[in-house]
Structure formats: C-alpha cells, structure tokens
Amino acid sequence: MVTKQFRGSPADADLTRADSLAREIFSDVANKWALLIIDALGDRTLRFSELRNEIEGVSHKMLTQNLRMLERNGLVERCVYPTVPPRVEYTLTEPGRALRELVHGMCDWTHQYLGHIEASRRRFEA
C-alpha cells in the first residue's frame with residue numbers, strides 16, 4: 001500500500017484511513033526498539049556503540065534499522081565526523097524530545113502497573 005501524501009493542516013489528518021501517513025508514523029515509532037532508543041537518548045548525544053550498550057538485547061541490525069527510521073522521520077539527528085574510523089553520534093531533534101516526554105510517560109505507566117499486569121497474566125494463563 002502506498003502512503004497518501006499529507007497535504008493541509010495536521011488537524012485535518014484522518015488517522016483512520018489505511019493509507020494515512022499518521023498510521024505509518026505510529027507503526028514506525030510504536031515498536032520496542034524505537035521506544036527504547038528514544039528513551040536512552042534522552043537529552044544526551046550518544047555514539048552507536050554507547051546506544052547499543054544502553055539497550056540490552058538489541059542487535060546491530062535492529063539498532064541500525066531503527067536509527068535510520070527515526071532519522072528519516074526527523075526524530076533523530078545523525079552527525080558524522082570525518083575521522084578514521086568515522087565517529088557517528090545520535091541526538092534527538094526537537095520533535096524527538098517531545099516524543100520522549102510521551103515515551104517517558106509510557107515507561108512510568110509500565111513501572112506503575114507492572115505488578116498488576118503480571119498478576120493478570122498469571123490469572124489468565126491459569
């Protein structure tokens with residue numbers, strides 16, 4: 001499916017349409033790796049290896065794919081320094097920092113309700 005190009009006011013965006021750009025954005029940023037990358041970057045600038053060390057379990061491939069997607073969507077800025085080997089750093093942009101506030105809220109919600117969710121899963125599986 002081809003994503004419809006958005007024209008007009010953001011208030012006019014139809015989030016229910018299958019070809020909505022908003023749905024594509026939701027799909028991009030609402031995955032565990034993207035959320036963890038956004039949270040890990042916070043107000044810092046990190047190199048690829050530092051990010052990988054911050055996010056346990058993320059593979060080189062998944063970190064690369066998600067950083068590219070976040071950069072494509074204007075949420076992360078990638079800065080390459082002409083050294084040997086090249087030094088690459090990642091920083092959240094202003095929209096990325098705004099999204100981080102929401103991600104941080106989701107992390108707080110997870111911590112608050114983790115016990116409840118675990119108990120519910122145990123009851124469900126019993």
Side-chain angles (χ1 to χ4, degrees):
M1 174 182 312
V2 176
T3 303
K4 181 180 178 185
Q5 293 296 314
F6 179 74
R7 290 183 180 80
S9 160
D12 297 333
D14 186 353
L15 306 181
T16 62
R17 290 183 51 105
D19 63 353
S20 168
L21 176 59
R23 279 201 190 181
E24 186 178 327
I25 294 166
F26 290 163
S27 178
D28 283 351
V29 300
N31 76 70
K32 68 179 175 183
W33 299 124
L35 295 174
L36 291 170
I37 290 166
I38 290 166
D39 193 53
L41 279 172
D43 294 325
R44 305 181 293 171
T45 296
L46 296 175
R47 295 178 72 174
F48 184 92
S49 59
E50 293 171 323
L51 262 173
R52 191 160 179 209
N53 290 336
E54 287 278 325
I55 305 169
E56 185 176 329
V58 68
S59 69
H60 186 281
K61 178 183 176 182
M62 289 309 299
L63 184 55
T64 299
Q65 286 177 349
N66 278 274
L67 284 168
R68 285 181 182 159
M69 173 274 299
L70 291 168
E71 183 182 11
R72 177 179 178 253
N73 285 312
L75 303 174
V76 167
E77 182 177 288
R78 179 178 183 261
C79 187
V80 181
Y81 295 92
T83 60
V84 178
R87 189 176 90 222
V88 182
E89 295 179 340
Y90 298 90
T91 307
L92 291 177
T93 62
E94 189 276 320
R97 289 188 300 275
L99 180 57
R100 184 182 178 270
E101 293 302 315
L102 299 171
V103 169
H104 193 70
M106 290 176 62
C107 291
D108 288 347
W109 175 88
T110 302
H111 286 124
Q112 182 177 351
Y113 291 104
L114 190 62
H116 170 82
I117 292 167
E118 286 178 330
S120 181
R121 287 181 173 190
R122 281 193 301 274
R123 282 192 307 273
F124 183 84
E125 292 167 2

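Scope of the values below: all heavy atoms of this structure, side chains included, with no hydrogens, waters or symmetry mates. The residues of the chain are indexed from 1 along the displayed sequence.
Partners of T45 under the side-chain hydrogen bond (donor to acceptor under 3.5 Å, both in side chains) rule, at least two apart in sequence or in another chain, are T91. R97 pairs by the side-chain hydrogen bond (donor to acceptor under 3.5 Å, both in side chains) definition with nothing, not counting sequence neighbours. With sequence neighbours left out, the side-chain contact (heavy atoms from CB on, under 4.5 Å) criterion links V80 to R78, P86, V88. For R47, there are no salt bridge (Lys or Arg N to Asp or Glu O under 4.0 Å) partners at least two apart in sequence or on another chain. Judged as a side-chain contact (heavy atoms from CB on, under 4.5 Å), and not counting sequence neighbours, E56 has no contacts. By the salt bridge (Lys or Arg N to Asp or Glu O under 4.0 Å) test, E71 pairs with no residue at all, sequence neighbours left out. Annotation: salt bridge (Lys or Arg N to Asp or Glu O under 4.0 Å) contacts of R123 (sequence neighbours excluded): none. Partners of R72 according to the side-chain hydrogen bond (donor to acceptor under 3.5 Å, both in side chains) rule, which considers only residues two or more places apart in sequence or in another chain, are E24. Under the side-chain hydrogen bond (donor to acceptor under 3.5 Å, both in side chains) criterion, N31 pairs with N66, sequence neighbours left out. Shown here are the salt bridge (Lys or Arg N to Asp or Glu O under 4.0 Å) partners of E89, two or more places apart in sequence or in another chain: R87.
Note that the OG atom of S120 and the CD atom of E125 stand 9.5 Å from one another [nearest 0.5 Å]. Between the CG atom in L41 and the CG atom in L75 there is a gap of 11.0 Å [rounded to 0.5 Å]. From L70, atom CG reaches atom CD of Q65 across 12.0 Å, with rounding to the nearest 0.5 Å. Distance check, rounded to the nearest 0.5 Å: CG of L63 to CD1 of I37 gives 5.0 Å.
The heavy-atom pair separating G74 from P95 by the smallest distance is O-CG, 4.1 Å. The two atoms that bring A40 and L46 nearest to each other are O-CD1, 3.9 Å, heavy atoms only. The shortest heavy-atom contact between R100 and G42 is NE-CA, 2.9 Å. Taking every heavy atom of both residues into account, G96 and I38 meet most closely at O-CG2, 4.1 Å. Heavy atoms only, all atoms of each residue included: A34 and D28 are closest at CB-O, 3.8 Å. Of all heavy-atom pairs spanning V29 and L35, the tightest one is O-CD2, 3.4 Å.
Between the side chain of T110 and the backbone N or O of M106, at least one donor-acceptor pair lies under 3.5 Å.
Sorted by first and then second residue, the pairs that involve residues 22-77 and meet ring-ring contact (aromatic ring centres under 6.0 Å, His included), not counting sequence neighbours, are F48-H60. For residues 68-111, the ring-ring contact (aromatic ring centres under 6.0 Å, His included) pairs, not counting sequence neighbours, are W109-Y113.
The shortest side-chain heavy-atom distance between S59 and M62 falls under the 4.5 Å cut-off. With contacts defined as side-chain heavy-atom distances shorter than 4.5 Å, the pair L67/L51 qualifies. Between L92 and V76, the closest side-chain pair of non-hydrogen atoms falls below 4.5 Å. Residues E77 and E94 are not in side-chain contact: their nearest non-hydrogen atoms beyond the backbone lie 4.5 Å or more apart.
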